[in-house]
Number of protein chains: 2
Amino acid sequence: MEKDITIYDIARELDLSPTTISRALNDHPAVNQKTKQRISEAAAQMGYRSNLFASNLRKQRTNTIGLIVPRLDSPFHSSAIAGMEKIANEEGYNLIISQSLETVQKEIANAKTMFDSRVDGLLVSLSFETENLDHFERFISKGIPVIFYDRVAEHKDCTSIVIDNLQAAYKATSHLIEQGCSNIVHITGNLKRNVYADRLKGYKYALIDHNLPFTECNVLTGQMTEEAGRQAAEQILAMDPLPDGIFVSNDTCAVSCLKTLKQAGISIPRDMAIIGFNNDLTSRVVEPNLTTINYPGQEMGEVALKVLLMQINGSTEGIPSNTINLRSDLIIRESSLRGKVLAKKKPLLL
Amino acid sequence: MEKDITIYDIARELDLSPTTISRALNDHPAVNQKTKQRISEAAAQMGYRSNLFASNLRKQRTNTIGLIVPRLDSPFHSSAIAGMEKIANEEGYNLIISQSLETVQKEIANAKTMFDSRVDGLLVSLSFETENLDHFERFISKGIPVIFYDRVAEHKDCTSIVIDNLQAAYKATSHLIEQGCSNIVHITGNLKRNVYADRLKGYKYALIDHNLPFTECNVLTGQMTEEAGRQAAEQILAMDPLPDGIFVSNDTCAVSCLKTLKQAGISIPRDMAIIGFNNDLTSRVVEPNLTTINYPGQEMGEVALKVLLMQINGSTEGIPSNTINLRSDLIIRESSLRGKVLAKKKPLLL
DNA sequence: TAAAAGTATGCAATCGGTTTCAGTTGTTAA
DNA sequence: TTAACAACTGAAACCGATTGCATACTTTTA
């Protein structure tokens, strides 16, 4: 438990003032090159480390970025966080992370903690329950930039980073239709969240554009968990007539739904074609492999952090618009390929 | 960009001293109950928030815990982190997270950042490359507790939190032997890391105890990634004779190995039985479902944080020992069940 | 050669809570 | 009635780095 070395200790040692020490360590131009050299050597030798709290207190900034996610243990968020950490680390920022566990109360509490920790900026992916953005107002009114990613909401002072969910869902649904599906069910999450609302729209528009009817009862909303996938499958099995296509808003749910349907004797994709969303590892593991939308988690995290840093450092010019769209694409695999898979399978069966 | 309210503002407003304000807000006993009431009302009304930096500077502690993990985007670490965040949040601590990406340099750099951020304690799961613990010495010599979890190393002043990898591997291997396997391959990671070294031991001892030969060439070490699983499968396919059992040190790798073997026409578990490690979601999705070791990620995170807090708060009595072992168990599924699966399958084929 | 400009350094105030020590008031015991 | 004590409250130092302003010394310019 040795005592910490401060700039005062170094000052005493070298018979200089703390001012000069501070300047030298920050590479201030008004300090003689040789003096700087002497100081940094002494600092290293004495084992000096800067006290960030004193520094932050004085400078009124913290080099810390706050992050609020619904769940830490989700493949998408893990990779987004990995991307954020990468950039933050490169730029000398710390990340403080907390999870809302899909509840508003925790999201509000976390926002408060972040505020009290005086983060320089905040990244948020909203919980299922969140209805309004009041708990972020205090950041905005203090000029602390807030960026939403993935699960976003409209706010005139905040940038959002998303993929084009509507278009992705439109593509997915159209693909099902092209594969011969005409009675397509959509399984999705809480429609308060843009991601699910937009995917529903994309699904709906694709149906309409292909002259297929849209009915409310073909839309099942739930928690998008493994369990929800099972339940959705039960609901589907109870439908009459049975649908011939399913578009699910995430892979976890799609995979468990697919498994349940298979167990019930449904042949995928012959009886029903399925498409998921996210391109999680499981989509490549399940049999048949799941057609899905590739979702750039890591990239989204990196972009979110980069844009946030630009805003923190006041260079607003570089930001193209209030919403940043990232590319996503449909990855076609067996679970939706009716023609081809049948062609492939037949020779095997003979 | 409104100005922040400080205790001085409140003091002026209520005609009291900053001292009393500070005490009242910290619920110090030497402040009159009514005064406290008045102060906390005024504070709330004026929108006061404490400046953590001033407070930390004075109190010389930060209520912040550092975490260094190899990768953020791994199912195990995500759930461990989720557990840590839960406890940290409950106890009013912040978590600063960084990833080493399996390299020593980054691990050292991250440790330095954590040190400069003056974390009150540090949680670490070591990178593949780490050979020594020198970069953690400065924490220890300053009395900052360091706890290793999962990927641990021996250090007389640090607690480690692990599962009994040797025993788990022993169980897994014994199970394969009981299912009739006699030529078992083990796929594992860098043997510098306890988790892999211990699993190798468990595998070896199980063989020996069942009078089966242990040979180096049946042990394949690699990066334990999806890609590594494919490569391992190729190696296995080139073996002569082919093994009849495979014990893999993680599920990601086991699943991709299993898929590759299946594609090559190997029947699982009839030709080869496979066991993984971790109980990731994919182990329940792959066909046949993967027998695996259930790994308590969330719980390990919670325990790690709780023990760390105990050490930070100086109550060393509660800590049973230098190493804390958590329970893990073998989850038997189809990929290793030779007798039963065959029995099930036959009627289907007839 | 004096004035102006440039270079290098230091003084002292500041950021906003926390804490030590001392002081005031009121109460109780002797 | 006075000493002893409890219950509050406050003044001022402190944590350690940063920074506006002043100062001392050099060098250049007129």
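Scope of the values below: all heavy atoms of this structure, side chains included, with no hydrogens, waters or symmetry mates. Fair warning: this is a prediction, and the values are worked out from it, not measured in the lab. Numbered from 1 within each chain, the chains take letters A, B, ... in sequence-line order.
Nearest nucleotide to the side chain of B:Ser22, out of D:dT19, C:dG17, D:dT9: C:dG17. If you check C:dT9, C:dT18, C:dG16 against the side chain of A:Ala30, the one that comes closest is C:dT9.
Within 4.0 Å (heavy atoms only), A:Leu16 reaches sugar-phosphate atoms of the nucleic acid but no base atom. B:Asn56 comes within 4.0 angstrom of nothing in the nucleic acid, heavy atoms only. A:Tyr8 comes within contact range of at least one nucleobase, with a heavy-atom separation under 4.0 Å. When heavy atoms are screened at a 4.0 angstrom cut-off, B:Arg61 is found touching no nucleic acid atom at all.
B:Gln99 contributes a side-chain N or O that, together with a main-chain N or O of A:Ala82, makes up a donor-acceptor pair within less than 3.5 Å.
The cationic atom of A:Arg118 (NZ for Lys, CZ for Arg) does not lie both less than 6.0 Å from the six-membered ring centre of B:Phe53 and within 45° of the ring axis.
Between A:Met46 and A:Glu13, some side-chain heavy-atom pair lies under the 4.5 Å cut-off.
Heavy-atom nearest nucleotides on DNA chain D were determined for B:Asn32 and for B:Arg118, and the one closer to the 5' end corresponds to B:Asn32.
If you check the side chains of A:Gln37 and A:Glu41, you find a donor sitting under 3.5 Å from an acceptor. B:Thr20 and B:Ser17 form a side-chain donor-acceptor contact under 3.5 Å, judged by distance and modelled atom types alone.
Rounded to whole Å, atom C1' of C:dG6 lies 17 Å from atom CD of A:Gln33. Straight-line distance from the CZ atom of B:Arg58 to the P atom of C:dT19: 6 Å, rounded to whole Å. Summarising the geometry, the separation between CG on A:Leu25 and P on C:dT9 is reported as 14 Å, rounded to the nearest angstrom.
OP1 or OP2 of D:dG16 has at least one side-chain nitrogen or oxygen of B:Gln60 nearer than 4.0 Å. Under 4.0 angstrom from either OP1 or OP2 of D:dG10 there lies at least one side-chain N or O belonging to B:Thr20.
For the pair A:Ala24 and A:Val31, the tightest heavy-atom approach, listed with the atom from each and the gap, is N-CG2, 4.0 Å.
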Detail all sub-3.5 Å separations between protein N/O atoms and N/O atoms belonging to nucleotides 22-24 of chain D.
none

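The base of D:dT19 lies close enough to the side chain of A:Thr19 for a donor and an acceptor atom to sit less than 3.5 Å apart.
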